[in-house]
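Sequential numbering from 1 along the given sequence is applied to the chain's residues.
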Amino acid sequence: MAWMAWTWPTAIFFMVIAGLLITFTVLAIKFPETPRTGILRIETTRGDRLFITLLGSAFINLAWLGLIGPETQPRALAACLVYAAAVFRWV
């Protein structure tokens, strides 16, 4: 496995994703929901909104790295958290 750069930030990233998937699975079992229609005018569930959030956050971070650079990457995390709150509220 020498070809893969397993660092603590990489491990934490995958642990957070796994934790989110487990949490949302438990929520779906304990509290079933009906899809709702938001600003995009499509029916979404919690899982759909999580996927949209993760995908958008990836693009926010890539754009931040490409346009601004890695020096202020924690600010990109803050932008992703604001984006996530907006997706779960209005999408």
For this session: Scan for side chain to side chain donor-acceptor pair (under 3.5 Å) pairs involving residues 18-32, sequence neighbours excluded, and state none if there are none.
Result: none
For this session: Report yes or no: does W64 contribute a side-chain atom to a donor-acceptor pair with the main-chain N or O of T72 at less than 3.5 Å?
Result: yes
Exercise. Do L77 and I60 belong to the same hydrophobic cluster, where Ile, Leu, Val, Met, Phe, Trp and Tyr are linked whenever their side-chain heavy atoms lie under 4.5 Å apart, directly or via other members?
Worked result: no
For this session: Look at the side-chain heavy atoms of Ile, Leu, Val, Met, Phe, Trp and Tyr, link any pair under 4.5 Å apart, and say whether L20 and M15 land in one connected group.
Result: yes
Seminar exercise, completed: Joining Ile, Leu, Val, Met, Phe, Trp and Tyr whenever any side-chain heavy atoms lie under 4.5 Å apart, the cluster holding L62 also takes in none
Seminar exercise, completed: residues 47-62 vs salt bridge (Lys or Arg N to Asp or Glu O under 4.0 Å), sequence neighbours excluded, gives E33-R49
Problem set entry | same_hphob_cluster(V16, L50) at 4.5 Å side-chain heavy-atom cutoff | yes
For this session: For T34, enumerate each residue passing the side chain to side chain donor-acceptor pair (under 3.5 Å) test, keeping only those at least two apart in sequence or located in another chain.
Result: none
Problem set entry | Residue list, side chain to side chain contact (heavy atoms under 4.5 Å, CB included) with A18, at least two apart or on another chain | none
For this session: Output all residues satisfying side chain to side chain donor-acceptor pair (under 3.5 Å) with T37, sequence neighbours left out; order by chain, then residue number.
Result: none
For this session: Give a yes or no on whether I39 atom CD1 has more than 12 heavy-atom contacts from other residues, nucleotides or ligands under 6.0 Å away.
Result: no
Could you give the side-chain donor-acceptor pairs of residues 79-89 under 3.5 Å, partners two or more places apart or in another chain?
unit_1: Y83; atom_1: OH; unit_2: I52; atom_2: O; d: 3.3

Problem set entry | Side-chain cluster (under 4.5 Å, hydrophobic types only) that L55 belongs to, other residues | F51, F59
For this session: Output all residues satisfying salt bridge (charged side-chain N to carboxylate O under 4.0 Å, His left out) with E71, sequence neighbours left out; order by chain, then residue number.
Result: none
Problem set entry | F31: hydrophobic cluster co-members (side-chain, 4.5 Å) | L27
For this session: Sort and list the pairs that fulfil side chain to side chain donor-acceptor pair (under 3.5 Å) and have at least one residue in residues 53-63, not counting sequence neighbours.
Result: N61-Q73
For this session: Give a yes or no on whether L54 and V91 share a hydrophobic cluster (residues Ile, Leu, Val, Met, Phe, Trp, Tyr; joining criterion: side-chain heavy atoms under 4.5 Å apart).
Result: no
